[in-house]
Amino acid sequence: MTTNEETVRLAQRVNGMVKAYMAVQDDLFRPSLRKILRIPGIYRPVDYEKNGEILQGLLEDLAGVKSAIRHDVPDSSPEETRFLGALRGYVSLMGSAAEKLCFICGRLGERSRGAAYGKEDYRSDMTELRVIQKKHLEAGLKLNGMMKELAAAPKNEEGES
């Protein structure tokens with residue numbers, strides 16, 4: 001197996017994690033008719049515990065990807081090494097966003113059971129999450145550009161195909 005194939009697999013794995021992260025975020029924050037109208041039989045409250053478990057699993061997967069990147073870098077070409085470094089930074093930012101979202105999810109779950117979690121606390125947490133997500137998005141755009149460059153680069157004739 002070539003390093004390029006391993007790099008592509010890592011990038012695809014991270015892409016799947018982004019989808020899981022976005023699904024949790026949509027479940028928590030995206031308004032929908034089922035949440036607004038609360039029609040019996042259609043309405044289901046947000047399951048904060050389940051979303052927290054998904055995020056915890058995501059954090060474990062992200063740690064695994066960071067470890068895999070660390071082991072993959074020594075055998076990589078210079079372009080792949082740069083890409084893997086950017087991917088690792090992206091994974092770190094995604095981990096920060098997932099941790100903050102997990103924290104918010106826990107706080108919302110506590111509030112649904114009667115704990116105090118006021119608007120100012122929520123607003124502060126959401127502001128922090130948005131800052132992290134903005135950095136995450138910027139890193140994702142940079143990573144996407146690097147991936148296009150890596151894919152367009154001519155392959156080494158001596159070894160890998």
Side-chain angles (χ1 to χ4, degrees), residues 6-73 76 80-150:
E6 293 168 353
T7 302
V8 168
R9 265 202 213 112
L10 283 172
Q12 290 171 338
R13 193 169 153 196
V14 170
N15 186 42
M17 291 177 202
V18 170
K19 289 177 184 177
Y21 174 83
M22 293 305 294
V24 169
Q25 185 171 308
D26 277 356
D27 188 42
L28 292 173
F29 305 119
R30 188 170 164 205
S32 66
L33 283 179
R34 73 172 172 77
K35 289 180 184 175
I36 295 168
L37 298 178
R38 297 180 183 231
I39 299 170
I42 295 175
Y43 171 72
R44 76 173 167 78
V46 174
D47 188 344
Y48 297 108
E49 189 174 314
K50 177 184 162 211
N51 285 325
E53 290 171 4
I54 291 169
L55 290 167
Q56 287 297 329
L58 182 63
L59 288 169
E60 291 171 14
D61 290 345
L62 288 168
V65 167
K66 283 170 91 172
S67 176
I69 290 170
R70 231 179 282 122
H71 294 297
D72 199 22
V73 171
S76 301
E80 283 178 312
T81 300
R82 278 192 10 251
F83 175 77
L84 288 169
L87 183 62
R88 184 156 191 229
Y90 179 80
V91 166
S92 293
L93 286 169
M94 187 175 172
S96 296
E99 284 175 358
K100 188 63 183 176
L101 190 57
C102 191
F103 173 77
I104 292 170
C105 191
R107 297 280 304 263
L108 289 170
E110 290 171 8
R111 187 181 102 199
S112 70
R113 293 186 296 277
Y117 184 55
K119 285 183 181 180
E120 286 304 313
D121 296 328
Y122 179 75
R123 194 171 291 135
S124 172
D125 288 340
M126 289 303 293
T127 300
E128 284 181 51
L129 180 64
R130 285 188 192 109
V131 168
I132 294 168
Q133 286 176 329
K134 182 180 179 196
K135 291 177 186 175
H136 182 224
L137 177 62
E138 290 168 354
L141 292 172
K142 177 183 173 187
L143 189 64
N144 190 33
M146 291 177 80
M147 191 155 47
K148 287 179 182 178
E149 287 176 22
L150 195 59

Check your understanding: Which residue pairs satisfy the salt bridge (Lys or Arg N to Asp or Glu O under 4.0 Å) criterion with at least one member in residues 98-112, sequence neighbours excluded?
Key -> Lys100-Asp125, Lys100-Glu128, Arg107-Asp121
Practice item. Only pairs at least two apart or in different chains count here, so list each salt bridge (Lys or Arg N to Asp or Glu O under 4.0 Å) that has a residue in residues 84-94. Key: none
Exercise for review: Any ring-ring contact (aromatic ring centres under 6.0 Å, His included) involving residues 89-113? Give me the pairs, sequence neighbours left out, ordered by first then second residue.
Suggested key: Tyr90-His136
Review point. Which residue pairs pass the ring-ring contact (aromatic ring centres under 6.0 Å, His included) test when at least one of the two sits in residues 108-135, sequence neighbours left out?
Key: none
How about [X] and [Y]: do any of their side-chain heavy atoms sit closer than 4.5 Å?
X     : Y     : value
Ile54 : Tyr21 : no
Leu10 : Leu84 : yes
Val91 : Met17 : no

Exercise for review: For side-chain contact (heavy atoms from CB on, under 4.5 Å), just list the numbers for Lys142 and Met146, CA-CA rounded to whole Å, side-chain angles, deciding distance to a tenth of an Å, and then say yes or no.
Suggested key: CA-CA 6 Å; Lys142 177 183 173 187; Met146 291 177 80; 4.2 Å; yes
Practice item. Could you tell me which residues satisfy salt bridge (Lys or Arg N to Asp or Glu O under 4.0 Å) with Arg130, sequence neighbours excluded, listed by chain and number? Key: none
Point to revise | Partners meeting salt bridge (Lys or Arg N to Asp or Glu O under 4.0 Å) with Arg123 (sequence neighbours left out) | key: Glu120
Separation between [atom1] of [X] and [atom2] of [Y], rounded to the nearest 0.5 Å:
X      : Y      : atom1 : atom2 : answer
Ile132 : Leu137 : CD1   : CG    : 14.0 Å
Leu129 : Ser96  : CG    : OG    : 10.5 Å
Phe29  : Ile104 : CZ    : CD1   : 5.0 Å

Review point. What residues, two or more places apart in sequence or in another chain, satisfy side chain to side chain contact (heavy atoms under 4.5 Å, CB included) together with Lys135?
Key: Leu93, Val131
Over all heavy atoms of both residues, which pair between [X] and [Y] is shortest? Give the atoms and the distance, please.
X     : Y      : result
Gly52 : Cys102 : O-SG, 4.0 Å
Ala98 : Leu59  : CB-CD2, 3.8 Å
Ala97 : Gln133 : CB-CG, 4.5 Å
Leu28 : Cys105 : CD2-SG, 4.0 Å

Review point. Which residues satisfy the side-chain hydrogen bond (donor to acceptor under 3.5 Å, both in side chains) test with Lys66, sequence neighbours excluded?
Key: Ser92
**Study point:** Within residues 49-65 or reaching into it, pairs that qualify as side-chain hydrogen bond (donor to acceptor under 3.5 Å, both in side chains) - sequence neighbours excluded
**Key:** Asp27-Asn51
